[in-house]
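Along the sequence shown, the residues carry numbers beginning at 1. Worth saying up front: this structure is predicted, and the values here are computed from it rather than measured. We count ligands from 1, going down the list as the structure has it; atoms in each ligand are counted the same way.
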Amino acid sequence: MSSEVLDEILERYESVIGLEVHTHLRTESKLFSPSPVRYGDEPNHDVHPIDLGMPGVLPVLNERVVDLAIRLGLATHSTVHTHSVFARKNYFYPDLSKGYQISQYEEPVVSNGWIEIEVAAEAGTSVRKRIGITRAHLEEDAGKSIHDTAVAGRDGTHIDYNRAGVPLLEIVSEPDLRSAEEAGAYLRALRQILRYLDVSEADMEKGQFRCDANVSIRPRGSSELGTRTELKNINSFRFVEEAILAEIERQAALLDEGGRVQQATMAYDPGTGRTHVLRLKEDANDYRYFPDPDLIPLAIAPERIEAVRAELPELPDARRARLESELGLSSQDVAQLVATRSLADFFEAALATYGNAKVLANWVLRDLLQALNERECEVADTKITPESLSGLLVLVDDGRLTVRSARELVPVLVDSGGAPETLMRERGLEAVSDVAELEAIVDTVIAANVDIAEKIRDGDDKPLNALMGQVMKQTQGKANPGEVRALLATRLRGA
Ligand code: ADP
Ligand code: MG
């Protein structure tokens, strides 16, 4: 789709988006059975009769999920209900052998909250915008149908029930989002909160964080909502935004032709960049919801909510605001530092032993992040410690290690850990700080470059860099450039 076509559409129509996110809760076992929750196991190895709804079995609630739901509720400024109800949502699907999914319907555990996202405003600035959370409810995941011909043969389908019964929190937003970009920002903010809270790993590639996007459009200026369609199960951040844009375009073309949008469930095909109708929208009453007779209502004592509240970690927004005001770092730097809880923890721990926040932030955001990105891992999963990074920076400050050598050591610390001082010695990186030694090298270089030296003596600064380069080369980069420059200047001009 060309961006001019889209821009023209967006001048006339405003898009309205509400998202339903399904996130796997971080638990050892399933929502109602003792079978383990693991990723990548052999198909049908993590299955219990309860997951399949075998006759005579009874579900038993995994208490751990309750605390996780409370956490998410509190972190999103929502009401956590002391009374909520599990309901059966009845439908047939081969990967749902019970014939119903246990979910929550009229009485969810969490409702009526909000999170904040950052949206672009005029001239490169940004503003914060509140997005309402309608509700969050507990439910079990279904199994997985595998249509892959390599696994199931040409006409076959296999079913893997490992995922059946994995605990999910479905988090439903208000239709407060106004563009594909805002939808992307909301998903990132929500995922960041879930990860800070340890509620979910929220890894999209593992299917732990899935999103349905409800999209409608309306003429700009109108305050009525248009008819929405629902884009199902989009599995990457990029595709969410692409799919929403494609759907906006499809709906605009319909309206422009004088047609109307039909409420439907849609799929997005990344190959063609288009959306298509899967089925016309089912109604809630098609599912014949009723309270699950095997489960009593979920009662949460107010004390339990308070106990979870007391243990909540500092959330990304609060942490960002605190670091900005305490340390005077730029908001872009702070946003990157708090991107993950482990990086923010690392930074703050290093700051405790190395006082200069600005310098530390530069090293973390430049060298450390680069090493982490190359290895696609989080700092907590590597060997570098906050103490070793601050120790490295102290060596630089003391003039014992050049910036260049220190930068070489960051990936070494990440991979193998160790004490910076020992590493420096072992690798012969200790800076040439012996003045006599450095003076001797400077004098040799001056003697070998009489012409250049003459120019510098006459007041021309430009060739100084050439001489510096030669001195640095002879010291194998282990001299402090500032010191070399000063020495050259004194030797040549006696300043
Ligand atoms: P359902 O249960 O049928 O999916 P809900 O009322 O729970 O319906 O709404 C699901 C999602 O659709 C919510 O995220 C909500 O914000 C969003 N939504 C509702 N109306 C609209 C609309 N007109 N345009 C865009 N999104 C909408
Ligand atoms: Mg829905």
Side-chain angles (χ1 to χ4, degrees), residues 9-10 13-23 72 76 78 84-91 100-115 117 129-139 142 168-187 189-191 209-234 240-241 243-252 254-255 260-268 275 277-290:
I9 290 171
L10 292 176
Y13 292 107
E14 176 180 55
S15 56
V16 173
I17 300 147
L19 299 179
E20 295 165 77
V21 167
H22 288 87
T23 197
L72 187 273
T76 55
S78 305
S84 66
V85 173
F86 288 104
R88 287 191 183 178
K89 180 179 184 181
N90 299 283
Y91 63 96
Y100 62 87
Q101 176 190 27
I102 305 178
S103 180
Q104 296 190 304
Y105 181 52
E106 281 167 331
E107 296 183 74
V109 62
V110 163
S111 70
N112 200 19
W114 52 267
I115 65 169
I117 62 168
K129 176 175 170 180
R130 226 175 240 203
I131 306 300
I133 304 283
T134 314
R135 55 188 272 146
H137 63 254
L138 288 163
E139 64 183 26
L168 288 171
L169 204 53
E170 175 172 342
I171 303 160
V172 181
S173 89
E174 288 291 295
D176 288 345
L177 300 157
R178 291 291 173 271
S179 66
E181 210 182 348
E182 286 189 15
Y186 169 84
L187 289 176
L190 183 60
R191 185 180 58 168
F209 187 83
R210 313 195 293 265
C211 165
D212 301 339
N214 296 269
V215 180
S216 66
I217 61 173
R218 61 186 176 193
R220 289 219 173 257
S222 153
S223 57
E224 253 170 74
L225 289 178
T227 305
R228 74 186 149 110
T229 58
E230 181 172 358
L231 293 155
K232 272 289 179 202
N233 273 331
I234 319 172
V240 172
E241 296 190 34
I244 290 171
L245 292 175
E247 180 57 14
I248 291 171
E249 194 188 44
R250 189 191 70 92
Q251 293 186 10
L254 269 175
L255 296 187
R260 38 182 213 94
V261 175
Q262 260 195 309
Q263 198 172 330
T265 300
M266 316 285 299
Y268 173 66
T275 57
V277 175
L278 282 179
R279 54 183 180 267
L280 293 181
K281 179 75 183 165
E282 64 279 3
D283 267 337
N285 54 20
D286 291 338
Y287 290 117
R288 297 290 185 272
Y289 279 101
F290 62 85

Given that the side chain starts at C-beta and the backbone is N, CA, C, O, which of these parts of L19 lies under 4.0 Å from ligand 1, counting heavy atoms, or is it both or neither? backbone
R220, CZ: over 12 other non-hydrogen atoms inside 6.0 angstrom: yes
Output the list of atoms in ligand 1 that are nearer than 4.0 Å to some heavy atom of S173, sorted by atom number. 13 (C), 14 (O), 15 (C), 16 (O)
Give a yes or no answer on whether the side chain of T265 reaches the backbone of L278 with a donor-acceptor pair at less than 3.5 Å. no
Anything under 30° is parallel, anything over 60° is perpendicular, the rest tilted; go ahead and classify Y289 against Y105. parallel
Against heavy atoms of P175, which atoms of ligand 1 measure under 4.0 Å? 16 (O), 26 (N), 27 (C)
Close-contact set for ligand 1 against V172 heavy atoms, below 4.0 Å: 13 (C), 14 (O)
Counting heavy atoms only, which of Q263, R228, E230 is nearest atom 19 (C) of ligand 1? R228
Any atoms of ligand 1 less than 4.0 Å from a non-hydrogen atom of V16? List them with their elements. 24 (N), 25 (C)
Here the gap from N112 atom CG to R135 atom CZ, rounded to the nearest 0.5 Å, amounts to 12.0 Å
Distance only, no hydrogens: is a donor on one side chain within 3.5 Å (strictly under) of an acceptor on the other, for R288 and N90? no
Please tell me if the side chains of L255 and Y13 come closer than 4.5 Å, counting only heavy atoms from C-beta onward. yes
Would you mind listing which atoms of ligand 1 come within a distance below 4.0 Å of any non-hydrogen atom of E174? 16 (O)
Is it the side chain (CB and beyond), the backbone, both or neither of E20 that lies under 4.0 Å from ligand 1, heavy atoms counted? side chain
State, with a plain yes or no, whether a side-chain heavy atom of E139 is found less than 4.5 Å away from one of K89. no
For ligand 1, find out whether one of its N or O atoms is nearer than 3.5 Å to an N or O atom of G226. yes
Worked check of side chain to side chain donor-acceptor pair (under 3.5 Å) between S84 and E107: CA-CA 5 Å; S84 66; E107 296 183 74; over 6 Å; no
Structural part of N214 in contact with ligand 1, heavy atom criterion under 4.0 angstrom: both
S216 versus ligand 1: do any nitrogen or oxygen atoms come within less than 3.5 Å of each other? yes
